[in-house]
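Lettering of chains follows the sequences in order, A, B, ..., and the numbering in each one begins at 1. Both backbone and side-chain heavy atoms feed into the values below; hydrogens, waters and symmetry mates do not. Note that the structure is predicted; figures quoted are calculated from it, not measured.
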There are 2 protein chains.
Amino acid sequence: MTPAPPVDTIDLLHRARGLAGRTVAEIALSLGLAVPELGTRGKGRIGNLVEKALGATAGSAAAPDFPHLGIELKTIPVDGSGRPLESTFVCTISLGDADTTSWETSLVRAKLAHVLWLPIVTARGRPAAERRVGTPLLWQPTADQEAILRADFDDIMGRIGVGGVEGLTARAGRWLQVRPKARTGRARTWSFGPEGELIATVPRGFYLRARFTQALLRDPSAVPA
Amino acid sequence: MTPAPPVDTIDLLHRARGLAGRTVAEIALSLGLAVPELGTRGKGRIGNLVEKALGATAGSAAAPDFPHLGIELKTIPVDGSGRPLESTFVCTISLGDADTTSWETSLVRAKLAHVLWLPIVTARGRPAAERRVGTPLLWQPTADQEAILRADFDDIMGRIGVGGVEGLTARAGRWLQVRPKARTGRARTWSFGPEGELIATVPRGFYLRARFTQALLRDPSAVPA
DNA sequence: TAGGATCCACTGGTGGATCCGT
DNA sequence: ACGGATCCACCAGTGGATCCTA
């Protein structure tokens with residue numbers, strides 16, 4: 001019942017376009033799956049559903065959703081006019097490697113190198129089943145865009161190197177930012193404090209600000225503020 | 001329904017003696033739990049049951065079962081005359097640290113520093129529910145015993161340092177031995193080969209040979225072959 | 001007999017994201 | 001608007017051990 005992986009990029013894009021206009025309920029039904037609930041329950045379930053619908057490789061960490069194509073799938077909740085309602089999670093940040101990781105070798109660069117954006121038209125307060133897939137966009141950063149992402153990355157990693165991760169706020173970064181991930185007070189990861197001492201901290205992730213993804217969805221080569 | 005932790009060593013020993021002579025079925029019933037199946041299903045379930053019955057801390061890794069007492073609980077299947085039917089698993093071996101770990105700081109020493117042995121009288125082929133708790137033994141290694149355990153540990157770690165973990169067999173060690181742990185071909189851990197190269201291997205654990213535990217149960221200060 | 005192979009329950013960490021006060 | 005907090009599914013790894021052939 002689960003579709004095979006797409007044979008190539010064209011195939012993937014065709015399939016994604018085939019989902020456009022369909023509701024979450026319809027997609028779930030066609031896969032023989034339960035319609036995901038949302039709200040405070042099951043925040044990531046639409047993302048998982050769409051992955052299955054497009055034949056993405058299941059649950060493979062540190063690899064793109066479509067490994068043979070090198071393409072990452074990202075759903076993004078948008079309002080009726082196509083504006084993102086949320087920032088977009090990119091990946092977890094390796095807090096221990098702040099001083100030895102470069103943009104070139106970073107996971108965040110790998111994730112953003114080639115993305116299939118799939119807007120999910122979302123009316124707040126309505127059942128998830130009603131949400132509808134919008135027009136997909138296959139995107140690779142332009143040189144200008146990547147330069148800014150790299151600058152954000154270097155800025156963030158530099159701040160961690162100087163003051164430790166606890167001194168970093170979500171205010172750093174023009175398009176990329178770092179915010180907490182996972183339930184506060186439960187998950188723990190290891191990092192370094194201002195004096196270089198080893199400390200336990202909440203896991204954090206890279207996110208793309210909504211103002212960047214908003215511009216992107218309208219013009220893939222946009223360079224917004 | 002789950003007992004509170006024992007307040008002190010005497011309390012623990014009293015409780016353990018209170019289990020002596022009782023069957024697995026009786027203990028499960030008194031805790032309001034299902035009687036564990038065994039055989040090829042649920043090999044560790046009696047151990048878990050007894051932990052609960054004695055108020056051990058649940059599922060705490062790298063800590064003794066009774067942290068405030070520093071005591072480790074080990075069930076051990078024995079025949080009608082009290083002879084162990086199996087070797088006893090002690091703990092996982094840290095393969096990456098072979099050259100930097102000493103007996104003094106090792107997990108295996110910590111685990112064996114103070115053990116509450118609880119024999120489980122086991123007739124092969126009979127239902128697990130019928131198994132009966134034997135006479136508990138609270139044990140700490142004598143100086144002579146610890147010297148041999150340390151020698152085994154050093155021997156094993158030395159062999160790993162020389163030939164890598166893949167050259168190590170369960171034949172090494174007088175009382176302690178190293179054997180595979182977890183389903184072959186599934187779990188993987190990282191180690192070093194003969195040339196110092198990083199390799200993936202099956203996880204392994206320290207076990208106490210049955211000839212040692214057999215002597216121990218008859219005479220806590222025994223120094224068998 | 002015992003070395004090598006294997007089994008189940010549980011949970012912490014990861015990947016998928018959205019919630020919600022200020 | 002947005003920074004900080006939080007939610008669920010899934011799975012590999014760990015802890016509890018015993019099985020099973022040669």
Asks: Can you tell me if A:Thr169 touches the phosphate of D:dG3, counting only side-chain N or O atoms and a distance under 4.0 Å to OP1 or OP2?
Replies: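 Indeed not, no polar side-chain atom of A:Thr169 lies that close.
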Asks: Decide yes or no, distance alone: a donor-acceptor N/O pair under 3.5 angstrom between the base of D:dC2 and the side-chain of A:Gln177.
Replies: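 No pair found.
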Asks: Ignoring hydrogens and angles, are the base of C:dG4 and the side chain of B:Lys181 linked by a donor-acceptor pair under 3.5 Å?
Replies: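 Looking at the base of C:dG4, it does not pair with any donor or acceptor on the side chain of B:Lys181 (distance under 3.5 Å).
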Asks: How long is the line joining CZ of A:Arg126 and P of C:dT18, in whole Å?
Replies: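 It is 18 Å, rounded to the nearest whole Å.
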Asks: Take atom CG of A:Leu73 and atom C1' of C:dA17, then tell me their distance rounded to the nearest Å.
Replies: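 Between C1' of C:dA17 and CG of A:Leu73: 12 Å.
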Asks: Does OP1 or OP2 of C:dG4 have a side-chain N or O of B:Arg171 closer than 4.0 Å?
Replies: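 Checking B:Arg171 against C:dG4: at least one side-chain N or O falls below 4.0 Å of OP1 or OP2.
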Asks: Please examine the side chains of B:Ile160 and B:Val178, heavy atoms only from C-beta on, and report whether any two atoms are closer than 4.5 Å.
Replies: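 No, too far: nothing below the 4.5 Å cut-off.
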Asks: Look at the side-chain N and O atoms of A:Arg209 and state whether any lies under 4.0 Å from the OP1 or OP2 oxygen of D:dG3.
Replies: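 Looking at the OP1 and OP2 atoms of D:dG3, one of them is under 4.0 Å from a side-chain N or O of A:Arg209.
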Asks: If you define the side chain from C-beta out and look only at heavy atoms, does anything of A:Pro119 sit under 4.5 Å from A:Thr135?
Replies: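 They are not in contact (no side-chain heavy atoms under 4.5 Å apart), so the answer is no.
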Asks: In whole angstrom, what separates B:Leu49's CG from C:dC8's P?
Replies: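 Value for this atom pair: 18 Å.
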Asks: On the side chain of B:Lys43, is there an atom forming a donor-acceptor pair with the base of C:dT6 - under 3.5 Å, no angle test?
Replies: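 Looking at the base of C:dT6, it does pair with a donor or acceptor on the side chain of B:Lys43 (distance under 3.5 Å).
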Asks: With nearest nucleotides of DNA chain D determined for A:Ser87 and A:Asn48 from heavy-atom distances, which residue corresponds to the more 5′ nucleotide?
Replies: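 Nearest nucleotide further toward 5': that of A:Ser87.
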Asks: Looking at every heavy atom in both B:Ala129 and B:Val35, which two are closest together, and how far apart are they?
Replies: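 For B:Ala129 versus B:Val35, the nearest heavy atoms are CB-CG1, 3.5 Å.
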Asks: Hey, is B:Arg124 close enough to B:Glu130 for a salt bridge, meaning N to O under 4.0 Å?
Replies: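 Looking at B:Arg124 and B:Glu130, the cut-off is not met.
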Asks: What nucleotide, of D:dG16, C:dT18, C:dG16, holds the atom closest to the side chain of B:Lys111?
Replies: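 The listed nucleotide nearest to B:Lys111's side chain is D:dG16.
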Asks: Could you state the atom-to-atom distance from CZ of A:Arg131 to P of C:dA17 in whole Å?
Replies: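 Rounding to the nearest Å, CZ of A:Arg131 and P of C:dA17 are 12 Å apart.
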Asks: What nucleic acid atoms does B:Thr88 come within less than 4.0 Å of, heavy atoms only: base, sugar-phosphate, or nothing?
Replies: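 Counting heavy atoms under 4.0 Å across all strands, no contact is made by B:Thr88.
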Asks: Which part of the nucleic acid, if any, lies within contact of A:Gly47, taking any heavy atom under 4.0 Å across all strands shown: a base, the sugar-phosphate backbone alone, or nothing?
Replies: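 Since only primed, P, OP1 and OP2 atoms lie under 4.0 Å of A:Gly47, the category is sugar-phosphate.
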Asks: Could you tell me, to 10°, how much the axis swings from one end of the helix from C:dT1-D:dA22 to C:dT22-D:dA1 to the other, five pairs per end?
Replies: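 Here the local axes at opposite ends form an angle of 10°.
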Asks: Report the distance from atom CH2 of A:Trp175 to atom P of D:dA1, rounded to the nearest whole Å.
Replies: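 Rounding to the nearest Å, CH2 of A:Trp175 and P of D:dA1 are 19 Å apart.
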Asks: Rounded to the nearest angstrom, tell me the gap between atom CZ in A:Arg204 and atom C1' in D:dT6.
Replies: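 One finds 15 Å between C1' of D:dT6 and CZ of A:Arg204, rounded.
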Asks: Do B:Trp139 and B:Gln145 meet the criterion of a side-chain donor-acceptor pair at a distance under 3.5 Å?
Replies: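 Judged by distance alone, the side chains do pair up.
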Asks: Pairing donors with acceptors under 3.5 angstrom, does anything connect the side chains of B:Arg209 and B:Thr88?
Replies: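 No, B:Thr88 and B:Arg209 have no side-chain donor paired with an acceptor closer than 3.5 Å.
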Asks: For D:dC8, take OP1 and OP2 only and decide whether either is under 4.0 Å from a side-chain N or O of A:Arg41.
Replies: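 Answer yes for this pair, as a side-chain N or O of A:Arg41 is under 4.0 Å from OP1 or OP2.
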Asks: Of the options C:dA17, C:dA2, D:dT14, whose atoms approach the side-chain atoms of B:Arg211 most closely?
Replies: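 Selected nucleotide (nearest to the side chain): C:dA2.
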Asks: Among D:dA9, C:dG16, D:dA17, find the nucleotide with the atom closest to the side chain of A:Arg45.
Replies: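 It is D:dA9.
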Asks: Under 4.0 Å, heavy atoms only, any strand: does B:Arg179 hit a base, just the sugar-phosphate, or nothing?
Replies: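 Result for B:Arg179 = base.
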Asks: Does A:Tyr207 make a side-chain donor-acceptor contact with the base of C:dA17, cut-off 3.5 Å?
Replies: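 Yes, the side chain and the base share a sub-3.5 Å donor-acceptor pair.
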Asks: Rounding to a whole Å, what distance do you find between B:Phe89:CZ and D:dC19:P?
Replies: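 So the CZ-P distance, B:Phe89 to D:dC19, works out to 17 Å.
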Asks: Using whole Å, report how far CG of B:Leu208 lies from C1' of D:dT18.
Replies: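 Between C1' of D:dT18 and CG of B:Leu208: 16 Å.
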Asks: Closer than 4.0 angstrom, basic N to acidic O: yes or no for A:Arg204 and A:Glu166?
Replies: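 A:Glu166 and A:Arg204: salt-bridged.
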Asks: NA contact type, A:Arg124, heavy-atom cut-off 4.0 Å: base, sugar-phosphate, or nothing?
Replies: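 The answer is sugar-phosphate, as A:Arg124 gets under 4.0 Å only of primed atoms, P, OP1 or OP2.
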Asks: Using only side-chain N and O atoms of A:Thr92, determine if any of them is under 4.0 Å from OP1 or OP2 of C:dG15.
Replies: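 Yes, such a contact exists.
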Asks: Which residues pass the ring-ring contact (aromatic ring centres under 6.0 Å, His included) test with A:Tyr207, sequence neighbours left out?
Replies: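 Counting only residues at least two positions away or on another chain, A:Tyr207 forms a ring-ring contact (aromatic ring centres under 6.0 Å, His included) with A:Phe89.
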Asks: Hey, can you pull the donor-acceptor pairs under 3.5 Å for the side chains in residues 210-217 of chain B, sequence neighbours left out?
Replies:
| from | atom 1 | to | atom 2 | distance (Å) |
| --- | --- | --- | --- | --- |
| B:Arg211 | NH2 | B:Arg174 | O | 3.4 |
| B:Thr213 | OG1 | B:Ala210 | O | 3.2 |

